[in-house]
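The structure under discussion appears below in the form of structure tokens.
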Amino acid sequence: MTQFKPVRDVVVVGVGLHPFGRFPGKDLATLAREAVVAALQDGGVWWRDIPVAYFGHVYYQGMSVGETALGALGLTGIPIINVENACSSGSTAFWQAYWGITAGVYDLALAFGAEKVPGGPVTVTAADSPERYIGGDHMMAGYALRMRRYMEETGAPAAALAQVAVKARQNALLNPYAHRKQTYTVEDVLASRPIADPLTLYQCCPTSEGSAAAVLCAREALGRYGLDPSRAISVVAATLTSGNYNGRGSDHSAFSPYRTEPAGRAAYEMSGLGPEDIDLLQVHDAATIGELQQIEALDLAPRGEAWQATLEGRTALTGDLPVNTDGGLLAMGHPFGATGIRMVHETVTQLRGEAGPRQVPKARVGMAQCSGAGDVTTVHILAR
Amino acid sequence: MSASTESKVVSVDPSRLRLTDGEGTTGVFLGMRCRDCGIYVFGAALFCQSCSSGDLESVELSGRGILYSYTIVRVPPAGWPGPVPYVLGEVELPEGPHVLAEVTDIPEADLKIGLAVAMALQKVQDGQSETARMVYKWRPIPQFTGVGQEETR
Ligand SMILES: [Zn+2]
């Protein structure tokens with residue numbers, strides 16, 4: 001895979017989040033704007049200094065919502081780009097912001113994302129697609145196919161998968177922004193309503209509303225904009241890949257989830273870091289199986305062994321590789337356009353040492369991986 | 001509905017399934033083979049999905065395969081015109097591609113990875129369109145040889 005070389009060091013100077021959940025009284029632009037204002041305040045950034053903005057969202061809520069959201073701050077004539085890349089729309093917006101700055105096009109950039117996901121099973125294709133009659137376009141059914149393969153090939157028991165969801169809820173309990181704030185047991189998870197066997201309801205992320213934002217800056221430009229270097233977190237890798245099916249069509253195998261492997265390896269190469277350097281990890285856990293497969297695809301556990309690491313508590317907040325420390329998609333919720341930037345928000349918060357009761361001690365390097373339909377994968381590595 | 005409308009039957013996806021008789025009750029899977037690296041894809045492709053070669057030939061693919069994975073979908077996607085729950089099977093063809101479709105005529109207890117299945121066509125008319133679609137499904141078959149090992153059930 002071709003990976004361009006970064007030119008300038010890029011840092012995240014501000015992050016902002018709107019709680020995830022259901023907010024029937026708020027439109028998408030209002031949701032989005034609240035996270036933007038929070039990120040600007042967090043970084044001490046003047047809105048008038050922002051030269052470009054990328055807005056991730058998926059579900060149609062009117063044209064140019066990015067412009068509408070930012071309009072209330074005062075339209076300054078900057079380029080505003082609306083980004084749709086499925087569940088990785090937000091992380092794609094962040095990736096674009098990073099590359100715009102490192103290449104020297106901009107000193108600063110705003111990446112933000114928001115979503116109001118409708119309820120019910122998520123499909124990828126248009127309503128009149130042949131897939132509607134074939135029955136194969138069903139996000140959670142896809143995860144269920146992977147999960148059955150994984151369990152068959154690795155011997156992972158259902159309880160190990162359920163433990164991923166239990167852990168997510170425990171982390172979310174320490175996060176005031178989370179959609180789901182009630183814990184449950186492995187037994188509760190397995191006894192919850194079956195969605196697509198072997199996936200039960202509590203092993204699927206809720207569809208949510210919410211927003212997230214991040215302000216990025218060239219490190220060398222911090223002084224020019226009066227920004228505080230002490231809270232800035234470096235972006236040391238930013239990679240994005242899209243589908244490559246190798247001719248197999250819909251291959252829901254146990255060991256090649258989406259394009260995570262090439263995106264992860266490119267991120268290690270770009271940063272000069274290895275799996276041993278990662279102190280905490282956010283991955284795309286739209287379903288419990290997703291977390292296990294992503295951990296393995298990122299070489300953070302041997303193939304077929306992430307389920308054991310989960311049962312041993314190694315991926316919990318107190319473990320040696322805390323995963324989805326804010327509750328992940330499973331408990332934090334999943335407003336598509338916001339999710340990838342929410343992962344950046346959590347990573348930055350942890351690396352600054354500002355995560356309060358869910359703080360991972362001595363966290364220096366964090367990784368965020370986000371997947372989307374079209375076999376999109378983004379991987380970002382941030383470092384203090 | 002008139003008899004003439006009822007007789008109007010089309011393939012659910014002409015790039016993947018060609019109907020081979022007048023009633024549309026038999027059909028064959030379509031795909032592409034790369035003349036450079038030899039891989040097969042299910043359905044249409046302009047370039048090889050493995051080596052990016054543009055030297056592809058249209059081929060017919062096997063209508064049989066083995067069950068690679070399956071799930072019982074209990075909450076269907078919007079607009080699904082079939083029964084609920086339904087079994088969704090991912091089937092590996094001898095040529096390599098995986099084909100997702102409903103698995104019919106099988107008790108839940110008999111579902112098993114490695115099961116031999118064959119394509120079966122089913123007419124689907126859902127009221128939203130006057131055209132009936134012939135949709136490919138998977139149905140268990142007693143015996144199948146072709147993915148390197150012999151399987152019997
Ligand atoms: Zn080829």
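Quick note: numbers below take in every heavy atom, side chains included, and nothing from hydrogens, waters or symmetry partners. Naming: A, B, ... by sequence-line order, numbering from 1 per chain.
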So, [X] versus [Y]: side-chain donor-acceptor pair below 3.5 Å or not?
X	Y	value
B/S53	B/D55	no
A/S371	A/Q369	yes
B/T20	B/T26	yes

So which of [options] has the largest heavy-atom pair count under 4.5 angstrom toward chain A?
options	value
B/E102, B/R133, B/K137	B/R133
B/P85, B/C34, B/P76, B/G31	B/P76
B/C51, B/C37, B/S69	B/S69

**Report entry** Option in A/G135, A/P198, A/S129 with maximal non-hydrogen atom pairs under 4.5 Å from chain B
**Finding:** A/G135
In Å and rounded to the nearest 0.5 Å, what is the [atom1] to [atom2] distance from [X] to [Y]?
X	Y	atom1	atom2	answer
A/S208	A/F20	OG	CZ	7.5 Å
B/Q49	B/I39	CD	CD1	6.5 Å
B/M119	B/W138	CE	CH2	6.5 Å

Query raised in the report: Under the side-chain hydrogen bond (donor to acceptor under 3.5 Å, both in side chains) test, which residues partner A/R22, sequence neighbours left out?
Result: A/T207, A/E209
Query raised in the report: So which part of B/V135 gets closer than 4.5 Å to some heavy atom of chain A, the side chain, the backbone, both or neither?
Result: side chain
**Report entry** B/V124, part contacting chain A, at a heavy-atom distance under 4.5 Å
**Finding:** side chain
Report summary line: Contact list (residues 186-197 of chain A to chain B, heavy-atom gap under 4.5 Å, by number) returns A/R193, A/P194, A/I195, A/A196, A/D197
Query raised in the report: Where does the angle between the aromatic ring planes of A/F336 and A/Y59 fall among parallel (under 30°), tilted (30 to 60°) and perpendicular (over 60°)?
Result: tilted
Query raised in the report: Counting heavy atoms not belonging to A/Q182, are there more than 12 under 6.0 Å from its CD?
Result: no
